[in-house]
Number of protein chains: 2
Amino acid sequence: MKKLGRFDAMLPVHPERHFRSSETVRDVVIGMADGLTVPFALAAGISGAVGHYDNGADLIVTAGLAEIAAGAIAMGLGGYLAARSEREHYLSERRREEDEIIEKPAHERREIVELMAEYGVTEIECTPLISALERNPAGWRDFMMRFELGLEEPDPQRARASALTIGVSYIAGGIIPLLPYMASRDVGMALRASVGLTLAALFAFGWVKGRFTGNQGLASALQTTVIGGLAAGAAFFIARAIS
Amino acid sequence: MKKLGRFDAMLPVHPERHFRSSETVRDVVIGMADGLTVPFALAAGISGAVGHYDNGADLIVTAGLAEIAAGAIAMGLGGYLAARSEREHYLSERRREEDEIIEKPAHERREIVELMAEYGVTEIECTPLISALERNPAGWRDFMMRFELGLEEPDPQRARASALTIGVSYIAGGIIPLLPYMASRDVGMALRASVGLTLAALFAFGWVKGRFTGNQGLASALQTTVIGGLAAGAAFFIARAIS
């Protein structure tokens, strides 16, 4: 996942907006790819067990919709709460860093020297940098947060939007493998249609996902398709073996 | 999630091992908390739809095991492949940084000055730092990777171990809500036992998760329990409404 560089934050509005929209696309694709995988595998799995029932297709649609509701809530709400905890963690580390700058400035200066030594910078070469940070405690704190701890301030708005986008996309992705079971009461036929439709969708979404996360489209498309196929195959054979 | 600071990497073996074991606990808890949530919600959901069937409990166990197989593969393999892509992304960015240092050193120097200006460090105060990095191109490259792009080299061993731990923990967590349906053929009774057992397990795992990710145990326990409860409640009412 590409993180926002310091430079991006300093750029004017247009590139920032570009960044935002590609983050949203990423969330849509993540939610949808997961939504395509698990409900698809579940429907295929139950097909292996209830194929001979009169109302097999209805049961699959019911179980599929229950899974979609559960998965969307777990993924969306879980992701939102995880982001909130991450922000709390960031703020508590920042308070600790502020206390250390006030109470143990010599120790913090030492940390900068040791940090820079890893890049071949000597203690004497660090002196002007340290003097500059001492002039500006907020800058010093932010410097330690980013360079010592590797933490960036999480955006709470972004977490909320991201959780909602992922949850809704999970629902949209999860509906696709269920469509054939809604259209046909013949479970065997619906299963074949669901496999074809969903693998095609996984391939397409994997490709989009690959393009947006900076990797190659084809490799990502194959990965997404293979994960979905393996998950569905495993679910199908397990369910058939035990039923 | 607490990232590994530069200092940790320089510490001797003991703290590093401590970090490793707490990462494993975190993976166990993440996999298990998710495994507890979605199969639990699915079982509760299907209970709302098949309560009056003779073999309702069998159907729930079949669907639950199919979901567990699918979820463990999607989560474990998906996580592993995502980690691999992240590593590829890291290496490609590093090659780009190496090229830029050779081809556009003036531009890279400018980037350091602009980066440091955010912390109140002047151009003149950056000069010794820049000279030190120019002496040592590998250090310069690593400095830009970490300080400009905020990227740390992902550990491929860690990604594999983490994916396996999360997948296995998902299975272990997912079995818990199914146990009552395996033990009793009375779906209503099994549902009540599954709700009690799983909410208790979610609470316990949420607590452990909170302790290990540096947040408060109780808040995390309540969060995990509420997510699982909401997901299961939603799945139950949706399944009952449509069946």
Side-chain angles (χ1 to χ4, degrees), chain A residues 1-3 5-7 34 37-38 41-42 45-46 49-50 62-63 65-67 69-71 73-74 77-78 81 85-86 88-89 111 114-115 118-122 125 128-129 132-133 135-136 139 142-143 147-152 213-215 223 227 230-232 234-235 238-239 242-243, chain B residues 1-3 5-7 34 37-38 41-42 45-46 49 59 62-63 65-67 69-71 73-74 77-78 81 85-86 88-89 111 114-115 118-122 125 128-129 132-133 135-136 139 142-143 147-152 213-215 223 227 230-232 234-235 238-239 242-243:
Chain A
M1 184 189 329
K2 174 130 174 39
K3 285 194 194 153
R6 291 309 294 194
F7 276 20
D34 262 45
T37 302
V38 182
L42 178 69
I46 308 182
V50 303
T62 301
L65 291 178
E67 206 286 336
I73 290 173
L77 190 55
L81 292 176
S85 305
E86 199 183 317
E88 280 161 20
H89 176 66
E111 285 187 336
E114 288 174 24
L115 187 60
E118 289 184 57
Y119 303 96
V121 184
T122 65
E125 286 163 332
L129 171 67
L133 295 174
R135 274 202 317 267
N136 177 5
D142 292 345
F143 182 92
F147 296 166
E148 185 205 348
L149 302 177
L151 293 176
E152 279 177 271
T213 54
N215 296 303
Q223 279 184 8
I227 294 173
L230 280 179
I238 285 174
I242 61 172
S243 68
Chain B
M1 189 187 331
K2 172 129 176 35
K3 284 195 195 155
R6 291 310 290 195
F7 278 20
D34 262 46
T37 304
V38 182
L42 178 69
I46 309 182
L59 273 175
T62 301
L65 292 177
E67 205 286 337
I73 291 173
L77 189 57
L81 291 176
S85 304
E86 199 183 318
E88 280 161 21
H89 175 65
E111 285 187 337
E114 287 174 22
L115 187 59
E118 290 184 55
Y119 303 96
V121 183
T122 64
E125 286 162 332
L129 170 67
L133 295 174
R135 275 201 315 269
N136 177 5
D142 292 345
F143 182 91
F147 296 165
E148 185 205 346
L149 301 177
L151 293 175
E152 277 177 271
T213 53
N215 297 305
Q223 279 183 8
I227 293 173
L230 279 179
I238 285 173
I242 60 171
S243 68

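First the proteins, then the strands, lettered A, B, ... as listed; each starts at 1.
At least one side-chain heavy atom of B:Tyr119 sits under 4.5 Å from a side-chain heavy atom of A:Leu133.
A:Leu129 CG to B:Thr122 OG1: the interatomic distance, rounded to the nearest 0.5 Å, is 10.0 Å. Taken to the nearest 0.5 Å, the OG1 atom of B:Thr62 stands 11.0 Å off from the CD1 atom of A:Ile238. To the nearest 0.5 Å, atoms CD1 (B:Ile46) and CG (A:Leu65) are separated by 11.0 Å.
Of the residues considered (A:Gly71, A:Ala74, A:Gly139, A:Gly45), A:Gly139 shows the highest number of contacts with chain B, using heavy-atom pairs under 4.5 Å. Between chain A and the options B:Gly120, B:Pro128, B:Ala234, heavy-atom pairs under 4.5 Å are most frequent for B:Pro128. The candidate from A:Asp142, A:Asp34, A:Ile227, A:Val38 with the greatest count of non-hydrogen atom pairs under 4.5 Å with chain B is A:Ile227.
For A:Asn136, the part sitting under 4.5 Å from any heavy atom of chain B is the side chain, from C-beta outward, and nothing else. Contact annotation for A:Ala63: both backbone and side-chain heavy atoms come within less than 4.5 Å of a heavy atom of chain B.
Every residue two or more places apart in sequence or in another chain that forms a side chain to side chain contact (heavy atoms under 4.5 Å, CB included) with B:Ala235 is listed here: A:Ala66, A:Ala70, B:Ala41. Every residue two or more places apart in sequence or in another chain was checked for a side chain to side chain donor-acceptor pair (under 3.5 Å) with B:Gln223, and none qualifies.
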